[in-house]
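Following: one structure in structure tokens, then a few remarks.
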Amino acid sequence: MAKDFYGELQLGILGGGQLGRMLIQEAINYNVNVHVLDPDKNAPCRKLCNRFECGSLSDFDTVYNFGKELDMITIEIEKVNVDALEKLEDEGVLVYPQSRVIRLIQDKGMQKQFFKQNDIPTAPFQLISSKDNLYESAIALPYIQKLRRDGYDGKGVKRINSVHDIEEAFTQPSLVEELIDFEKEIAVIVARNDRGDVSTFPLVEMEFNPEANLVEFLISPSILPFEIQTQAEDIARKIAGDLQIVGLLAVEMFLTKEGQILVNELAPRPHNSGHQTIEGNITSQFAQHLRAIFNLPLGSTAARSTAVMINLLGEAKYEGLAKYDGVEEVLAVDGVFVHLYGKKYTKPFRKMGHVCVINDDRETAVKNARWVQETLKVKA
């Protein structure tokens, strides 16, 4: 970088949620000045950054005016105004990941077309412009319908089992993809800096909450066969190279019962599937993202031990001021690390924090994590 950033660089983050919060916690070590834009005046980042601005991430003028005096902008959420980011790039502000990457990933249809054009394995799919097209889909029922834009954490996804379900299908532009009978959901986080250096974190195995369809339990590193791990990491490296992305990229994948890997979706930022790296790996995903966007040498991603991450989700029947039951009990166990996100209010399945459990013995780590999952509850 042209400017020595130690204490001088003005870094903007679009989004002030938990990902931004953990990114700031790491950025403090680099002595950079962090500015945050978020629509929620009570966002988790509001008290940790040098400057907090409450405003829309999708409004052109708000994003442009927020970024025009900054040196660099990064994101913790993809739903941002890309036109404003393109203008800022044209005026010399560094935007990582690049606006063209964000634009592609905002649209799941464009993602799928990118996979097809670059020979990246993914489930067969068809783009759908209206609900009527679903009756003539080339993808056989049952299939999965996904909104092309604005879906997250399981929202914007529907399983269509029969023609009768089409009445309740999304009406907006979407895609349908073949229903995959997968063995496991897996993920690889890959980082790339502007020099072209690329590094992957070890493959992780995920379990999803069946009601909310978001990651609830994650084990790292994977003990799947070495060939599967290598193939998954190679796919992630190829995608990062094809995109020429600068920053982190989370690559979510399915492992089929036949041992085939299919890419599901991409996220160009720190990701839920990498929270365990804070305690579990030599370099955390947040430190690696900063290294990548600052064009520094990428850090070692080696695992320190087995790490299990549990998302702390708001309990199903509670809504209101958050109350945490069981914190003292779980902290009395060695190798348990609690991360609360500073969200004042809880609601069913809202991400309120996470816990990382580490142990050199995998069975012990998993056993302790299952106990934490049953003991620590977010209520109101």
Side-chain angles (χ1 to χ4, degrees), residues 12-15 17 19-20 23 37 57-58 60 63 67 72-89 94-123 125 127-128 144-157 170 172-175 177 185-194 198 200-201 213-215 232 235-254 262-274 285 288-289 292-293:
I13 303 175
L14 296 182
L19 297 175
L23 195 59
L37 175 67
L57 298 174
S58 57
F60 179 95
V63 172
M72 180 185 291
I73 291 177
T74 191
I75 63 170
E76 64 118 56
I77 185 171
E78 295 94 294
K79 193 178 177 182
V80 297
N81 191 294
V82 182
D83 293 334
L85 293 180
E86 283 186 344
K87 183 172 174 61
L88 290 167
E89 282 178 320
L94 295 173
V95 178
Y96 294 137
Q98 304 92 316
S99 60
R100 59 173 178 78
V101 173
I102 301 171
R103 189 181 293 282
L104 183 148
I105 289 175
Q106 281 181 340
D107 185 330
K108 289 185 172 64
M110 288 175 62
Q111 266 193 66
K112 282 286 200 177
Q113 289 173 316
F114 168 82
F115 296 156
K116 188 174 181 179
Q117 291 161 3
N118 290 276
D119 297 320
I120 294 160
T122 192
F125 70 97
L127 302 185
I128 298 294
I144 299 294
Q145 183 191 21
K146 294 181 179 179
L147 289 178
R148 290 185 63 164
R149 303 182 70 85
D150 299 340
Y152 68 97
D153 282 350
K155 297 178 177 65
V157 178
F170 298 121
Q172 305 98 309
S174 63
L175 64 92
E177 65 180 23
E185 296 198 51
I186 56 179
V188 171
I189 291 179
V190 58
R192 182 182 178 277
N193 62 19
D194 198 36
V198 178
T200 56
F201 284 88
N213 194 29
L214 50 81
V215 177
I235 289 170
R237 285 174 177 272
K238 172 175 166 50
I239 295 172
D242 290 343
L243 285 174
Q244 295 287 284
I245 190 174
V246 172
L248 276 196
L249 182 71
V251 183
E252 298 180 81
M253 297 173 259
F254 299 125
L262 299 174
V263 176
N264 181 23
E265 292 179 2
L266 307 176
R269 52 172 171 75
H271 191 256
N272 205 166
S273 61
Q285 67 163 341
Q288 195 77 310
H289 182 64
I293 66 175

Spacing of [X] atom [atom1] and [Y] atom [atom2] [to the nearest 0.5 Å]:
X: Asp107; Y: Asp150; atom1: CG; atom2: CG; value: 10.0 Å
X: Ile235; Y: Leu262; atom1: CD1; atom2: CG; value: 8.5 Å
X: Ile13; Y: Ile73; atom1: CD1; atom2: CD1; value: 11.0 Å
X: Ile239; Y: Arg237; atom1: CD1; atom2: CZ; value: 13.0 Å
X: Glu76; Y: His289; atom1: CD; atom2: NE2; value: 10.0 Å
X: Leu248; Y: Tyr96; atom1: CG; atom2: OH; value: 14.5 Å

Exam field: side chain [X] to backbone [Y], donor-acceptor pair closer than 3.5 Å:
X: Glu78; Y: Ala267; value: no
X: Lys238; Y: Asn118; value: yes
X: Glu89; Y: Ser99; value: yes

Query raised in the report: Does a side-chain heavy-atom distance below 4.5 Å link Asp194 with Leu94?
Result: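 They are not in side-chain contact.
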Report task. Report yes if the side chains of Ile128 and Phe170 come closer than 4.5 Å at any heavy-atom pair, otherwise no. Result ->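 Ile128 does not reach Phe170 side chain to side chain.
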For [X] against [Y], the heavy-atom pair lying closest together:
X: Gln285; Y: Pro270; result: OE1-CA, 3.3 Å
X: Gln98; Y: Val246; result: OE1-N, 3.1 Å
X: Val101; Y: Pro268; result: CG1-CB, 4.3 Å
X: Asn81; Y: Ser58; result: ND2-O, 2.9 Å
X: Gln111; Y: Ile105; result: NE2-O, 3.3 Å
X: Leu175; Y: Lys112; result: CD2-CG, 4.0 Å

Query raised in the report: Under 3.5 Å, is there a donor-acceptor pair linking the side chains of Asn264 and Lys146?
Result: yes
Query raised in the report: Does the side chain of Gln172 come under 3.5 Å of the side chain of Arg148 through a donor N or O and an acceptor N or O?
Result: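 The criterion, which ignores hydrogens and geometry beyond distance, is not satisfied for Arg148 and Gln172.
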Report task. Dump the intermediate steps for side-chain contact (heavy atoms from CB on, under 4.5 Å) on Arg192 and Gln244, then the final yes or no. Result -> CA-CA 8 Å; Arg192 182 182 178 277; Gln244 295 287 284; 3.0 Å; yes
Report task. Output, in order, the C-alpha distance, side-chain angles, deciding distance and verdict of side-chain contact (heavy atoms from CB on, under 4.5 Å) for Val80 and Leu37. Result -> CA-CA 11 Å; Val80 297; Leu37 175 67; over 6 Å; no
**Report entry** Short N-O contact, Arg103 and Asp83, less than 4.0 angstrom
**Finding:**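 Yes, charged N to carboxylate O under 4.0 Å.
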